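Down below is the structure, laid out as structure tokens.
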Amino acid sequence: MILQVRAHWRRDRFELAVEMQLPLEGVTALFGRSGCGKTSLLRVIAGLERLKGAEVMLGGQVWQQGRQFVPLHRRRIGLVFQEHSLLPHLSVRDNLLYGYRRTPLPERRLHLAEVAAMLGLDALLDRGIDQLSGGQRQRVSLGRALLTSPRLLLLDEPLSALDTQTKREIMPFLSRLAVEAGVPMIMISHAPDEVERLADRVVFMRDGRIDCIETLREALARPDSPLFDEEGPASVLQGDLAPPTDNGLHPFQIGSERIWLVGASGRARGDARLRILARDVALALDLPGRTSVLNQLPVSVERIDPGPDGRVTVACRLADGQVLLSQITAWSAQSLALRPGTGAYALIKSVALME
Amino acid sequence: MILQVRAHWRRDRFELAVEMQLPLEGVTALFGRSGCGKTSLLRVIAGLERLKGAEVMLGGQVWQQGRQFVPLHRRRIGLVFQEHSLLPHLSVRDNLLYGYRRTPLPERRLHLAEVAAMLGLDALLDRGIDQLSGGQRQRVSLGRALLTSPRLLLLDEPLSALDTQTKREIMPFLSRLAVEAGVPMIMISHAPDEVERLADRVVFMRDGRIDCIETLREALARPDSPLFDEEGPASVLQGDLAPPTDNGLHPFQIGSERIWLVGASGRARGDARLRILARDVALALDLPGRTSVLNQLPVSVERIDPGPDGRVTVACRLADGQVLLSQITAWSAQSLALRPGTGAYALIKSVALME
Amino acid sequence: MLGLSPADWQAIEVTFKLCLYTTLILLVIATPLAWWLSAKRSGLRVAVQAVVALPLVLPPTVLGFYLLVALGPRGVVGQTLENIGLTHLAFSFEGILVASVIYSMPFAVQPLYEAFSNLSRRHVEVASALGANLFDRFFTVILPLTRGGFVVAATLTFAHTLGEFGVILMLGGSIPGETKVLSVLIYDHTEAMNYEAAHRLSAMLLVFAFLTLFVVYGINRRFQIAKL
Amino acid sequence: MLGLSPADWQAIEVTFKLCLYTTLILLVIATPLAWWLSAKRSGLRVAVQAVVALPLVLPPTVLGFYLLVALGPRGVVGQTLENIGLTHLAFSFEGILVASVIYSMPFAVQPLYEAFSNLSRRHVEVASALGANLFDRFFTVILPLTRGGFVVAATLTFAHTLGEFGVILMLGGSIPGETKVLSVLIYDHTEAMNYEAAHRLSAMLLVFAFLTLFVVYGINRRFQIAKL
Amino acid sequence: ERFTIAAASDLRFALEDVIAVYRAQYPDHAFEVVYGSSGKMTTQIMNGAPYDLFFSADISFPERLHAAGFSATEPAVYAIGRIVIWSNTLDASGLTLEDLADASIRRIAIAQPAHAPYGLRAQEAMEAAGVWDRVQGKLVFGENIAQTAQMVESGAAEVGIIALSLAMFPALAAHGYHLIDDGLHNPLTQGFIVTKRGGAKPAAMNFARFMETDEAHRIMEAYGFVMPR
Ligand SMILES: Nc1ncnc2c1ncn2[C@@H]1O[C@H](COP(=O)(O)OP(=O)(O)OP(=O)(O)O)[C@@H](O)[C@H]1O
Ligand SMILES: Nc1ncnc2c1ncn2[C@@H]1O[C@H](COP(=O)(O)OP(=O)(O)OP(=O)(O)O)[C@@H](O)[C@H]1O
Ligand SMILES: [Mg+2]
Ligand SMILES: [Mg+2]
């Protein structure tokens, strides 16, 4: 499904100017600095701002064009606002059910019991919303949007007030919803870990404009991607996941090479993606001796890009053609005399399987 | 300065029961799951809830005890609420200056210009607060609290709506405020990176009770610490930072051993702390050959704790007695035949200097 | 019963009908009007808002006089009505109803205007996002969130209509069973120095009003909306 | 000037003084009262809230009569005043001022009660945290945030006092320069079928009220508070 | 057929007695009485009020209605009123108009001379007695003669000049009054008409005729009205 948006909006000194065609399968992250216009864009898509000359189309359906305008309540969008927006005169239960009750019976895919359980709200259903903690309120907002069984979810920092553990319980649910129920999501998030774990696609915004739209893979592969502000560059490898062997580790087959994984238990075998932070990849010219570093892949250096703080990012090509990024100090690169074409071993310590 | 709190508060089904003596130097993080009572505790400390029988004392000064009660406006606390709380009838500037104007002249340490610049609010000063983005509003809240030059800062998730880059601009400022101006802070945060970067001490809460109070060092050294939910265990090493040598790297001296650091430019030399994730530390029995891994410290294995997903955490003792944690697969530990007393080399790839 | 004469009961019935209808009609009229007033800032809207309050500044009998002239058989409104085959409004229940509505309008419009002005746009947006159409939003979100304003509007209107007699006396002519309301009756009793009857009716009116208001305010408070 | 006689000007002066003082006094009295009423839910508070509205339900002349009895030399209040060496309040400006205050009380208390009820506790807490004491908080946070309620209270009170004449007529005795207000004057003119004078004064009153309200409402809207 | 009588407030007590007699004689005549100020009722009749007979406190109002074509009969005098000094705190029977200027009397209530006939006559009487200027600061004005009486009754005004018909009403008659010499003021000629509407109703006309009977006159006189010759 394609979302087409064209909008031009002057808000005093701020100007939103967007023209995009966004494939919407799965989760699309909207990423950008504070004040760059993410919330504004979401409001335009939702139809909360009826801008003159704006166009919004989802799939074949026109939401706004010229004098045509489908009001929000008929767009079937699940919307989570950035700031607390529960209806103060309703209990938690009635907040959750407000949209549910207005969803035609055959369209209801999610129900109160499962959503409440998933969000840990079971015990709170009969409370007033002034008796909730900040994080509890955020979960109710999310649950309320989910219970409308929307055609599209627009989430404005829906997990910002939640602790890591709670987030980790909710994120797989959202993933599954996107994949299995086919509900596309556009999610604003400042947390790179959320983006990396959930998103299939990233829309980078800057100063009211779309910088670029990339698949997560592309975004992660780009050494200067804004996503790396936190963790530095990373690469994503495609391969085949097999069940664990005797050593308790999963072999992850990339062409003829193999990477050993931990912590992938319970995952189905088959096609999978690995995310490897460049800073977790060291390079060696000799195979090291007895060491805990299990993964030692032969690579050939392809390009060396300077990075911040006296570091360089080395793009290495694996035997099967995929690219693996390694971040080392400029000094190491120099003392190892690395240059395009140099053969080396990539030493990978920890490896995370992407959800 | 010691903060003493004793309080017992039934809020319907939730019960806060706290009795603690908290040394307040620097930054104290309040850490716990959503709904565990962090905000409630902060409200008690601030005096927003006048509970019967509660006691709050800061340093030698009684804030609440028996019938004695110092109202909030005379406690000189800088308070940042979890949810947006700007005064809607005032401009950004007047919000920022509301507390400043009520601070006696000689007590004013921070001024509008520097705070606005630090928080990136310069261009927004004349706006109404309904013309701000979510993150901008949060920054105004923080700035407003800072401008009262408080004796104590109580921050309820003050950075949750901010992007990484903005956070990274603000956090050093807060650190410096805590250290240089001696303003203690209690900060609620769900982001382990914020806690690790800012906190000197962590108060762990669970279900309305204080689980334990630890220095960050202790918290990070504990392999089962809730802080590690995200990144796994880490160790913090104390040492001496020297200016960069020819290779552009800073030597960080730990006893007779040396760790090379990147990205510490601009830091004063002297005492410093290093934070090293256990998963970034590999172990080898032989010194590896030509490799980009610069830091290869001789250690002796002290203890091996089982971890999740077929991993183990190996506590290693450095020559000067400090403990370094390494996380490797159980299989590696087994094939290297590691046991207490084994001599090995700790291979540390990337190293972050703590702010 | 209660020592009341049939005339008293008749007046009570007229009064009650008048108050009830006035309140209901005013809520129906004032709600869209106040909404419109609060929707945007414009000179016209401010002017209308000011005009709504004007009937209040005239002495009631004088207002009654102008209404009599306008609604009576020789007035613009009255004549128009007669021309289309209806009867003019002077000296009829319908007439004092129209007068009460006009006279109490500011008590309904102002509190509602204020309530609508304070209504958070966010909550209305939320309801839209959750699939509620305009009608649905009004009854399930706007109305509950501005209920306090409606209570103020309704109680002030009701109480004010209960006590008003200047306009009614002039326009209605105190015709028993038609335009003779309790306040006119009490006034008559005091004029006739029939103090005992006046006291009794006044006391009854006060007790009734007190109980009504006590219940309404009590209920309104019981369902106080969470403030955050 | 404007074709007004000295008697007209005298009445205008008294009226203006009465409206101004009534409004000011009521704001001063109603503010703490409404605050107290809105602070907690309790039977007593609901009862007081209902009692405040009661003067409204009596016909004004009847209320005037009761006030005349109470405030006059033989009434409880009047006698007490005389005993402590003051004069009773019947037929004096002070008397009609007291009456106006009592009579218009619900128009001040109800909107303020509503405004205070809707006030977000958070904003008051914020002001405390920023070092503002109670007094300071009231003037720099509570008052600005409930301004709309004050505007409604003040305009309704002012307009209602402007138009009220039943109570004033009875209690005041329409003494020129003392208790003869514009509304009584206009009433006298219409009763004497002196329509031309009544029309002129009414028109003037309406224009004046319109302009005042237009300005007040306009200013109030200009400084509309951000709603989030 | 029902009819409605509009009557001036000062008639209140006397007319009730007249009506009681009338009802006894014509038990099948259904009618109501509405009391109010003469000015107000005149305006109302001009604007379609359903009044069939109008008993005014002053003949000028019926005359005005007649001139404007709202009446079915010529304005007729049905009584002439008298005014008295009345008080319920002092013994008014011993008071004269001159005494009103005395400093011991703080408040004097009269009806508003601008529109109430009794008020105007009170003013004329005081002017004739030469005390008008001296009582200026003490005067308080009632909307009508009944309200004036109430002002005195409440004790807020020591004395009032009210209609004799009121002072003779049993509730007030317990206190004495001083009858003011009718030479000091113009006569309080009270007139009535049958309105256009009432002209078509035989019962209304019948009541008008009844007011001229001796029986009615006797009752009126008992209330202190002087009957026209
Ligand atoms: N007014 C109230 N009445 C009753 N219970 C309340 C009230 N406010 C909060 N609670 C409950 O008290 C508990 C603690 O709330 P608190 O706001 O302190 O949590 P928190 O630790 O700040 O959580 P979060 O991280 O989600 O903000 C929660 O379980 C909440 O449901
Ligand atoms: N009502 C308004 N009038 C004028 N400018 C506004 C208004 N609301 C927001 N802005 C400005 O528009 C810009 C974009 O705001 P928006 O809320 O879309 O940002 P955002 O990307 O969601 O930021 P954040 O991550 O901080 O929430 C900001 O610079 C903000 O200052
Ligand atoms: Mg935003
Ligand atoms: Mg909280």
Side-chain angles (χ1 to χ4, degrees), chain D residues 5 7-8 11 59-79 81-82 87-93 95-96 99 165-181 183-195 197-198 201, chain E residues 8-9 36-47 56-58 60-61 63-65 67-68 87-90 105-120 135-160:
Chain D
S5 67
D8 292 344
T61 356
V62 175
L63 176 66
F65 179 69
Y66 288 133
L67 285 174
L68 186 63
V69 170
L71 304 181
R74 296 195 295 171
V76 192
V77 182
Q79 222 156 40
L81 287 173
E82 300 258 296
T87 50
H88 67 88
L89 292 172
F91 308 125
S92 67
F93 181 76
I96 60 171
F165 84 120
V167 179
I168 292 175
L169 204 59
M170 182 60 129
L171 181 67
S174 48
I175 301 164
E178 174 88 12
T179 62
K180 183 151 194 167
V181 294
S183 60
V184 172
L185 191 64
I186 298 178
Y187 171 76
D188 281 353
H189 283 315
T190 48
E191 285 287 285
M193 301 183 127
N194 198 351
Y195 293 131
L201 283 176
Chain E
S9 307
S37 84
S38 306
K40 191 176 296 164
M41 286 171 156
T42 305
T43 306
Q44 286 178 328
I45 290 169
M46 287 179 168
N47 286 282
S56 169
D58 190 296
S60 68
F61 292 111
E63 277 166 352
R64 219 188 283 202
L65 284 173
S87 169
N88 70 348
T89 47
L90 311 169
I105 291 175
R106 289 198 288 175
R107 288 294 183 196
I108 304 160
I110 65 172
Q112 181 56 254
H115 56 77
Y118 282 93
L120 187 57
V135 299
Q136 272 309 303
K138 311 175 169 193
L139 291 175
V140 295
F141 303 92
E143 176 191 1
N144 54 40
I145 203 66
Q147 197 177 84
T148 309
Q150 283 167 20
M151 285 174 165
V152 182
E153 223 201 350
S154 73
E158 284 92 344
V159 298

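We name chains A, B, ... by the order of the sequence lines, and we start the count at 1 in each one. In this text the structure is predicted, and so the values were computed from the model without any measurement.
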- Message: Rounded at 0.5 Å granularity, tell me how far CD in Q112(E) sits from CG in D188(D).
- Response: 4.0 Å
- Highest number of heavy-atom pairs under 4.5 Å with chain D: which of A116(E), G39(E), S154(E), S37(E)? S154(E)
- Message: With a 4.5 Å cut-off on side-chain heavy atoms, are M193(D) and R64(E) touching?
- Response: yes
- Roughly how far, to the nearest 0.5 Å, is the CD atom of Q147(E) from the OG1 atom of T61(D)? 6.5 Å
- Query: Given that the side chain runs from C-beta out, which part of T148(E) has a heavy atom under 4.5 Å from chain D: side chain, backbone, both or neither?
  - Reply: neither
- Which atoms of F165(D) come close to chain E, meaning under 4.5 Å heavy atom to heavy atom: side chain ones, backbone ones, both, or neither? neither
- Message: Can you tell me which of A157(E), A156(E), G142(E), G137(E) forms the most heavy-atom pairs within a distance under 4.5 Å of chain D?
- Response: A156(E)
- Query: Under a 4.5 Å heavy-atom cutoff, which of G72(D), A192(D), A90(D) has the most pairs with chain E?
  - Reply: A192(D)
- Item | Test: R107(E) and E178(D) ion pair at under 4.0 Å | no
- Task: Below 4.5 Å from any heavy atom of chain E, which atoms of F91(D) appear? Answer side chain, backbone, both or neither.
- Result: both
- Message: Could you report the tightest heavy-atom contact between E191(D) and K40(E), atom names first, then the distance?
- Response: OE2-CE, 3.4 Å
- Task: Could you pull out the closest heavy-atom pair between I175(D) and L139(E), with the gap in Å?
- Result: CG1-O, 3.5 Å
- Item | Any F141(E) side-chain heavy atom under 4.5 Å of K180(D) side chain | no
- Message: I'd like to know which of L68(D), V69(D), T179(D) tops the heavy-atom pair count under 4.5 Å against chain E.
- Response: L68(D)
- Message: With a 4.5 angstrom heavy-atom cut-off, is it the side chain or the backbone of Q150(E) that approaches chain D, or both, or neither?
- Response: both
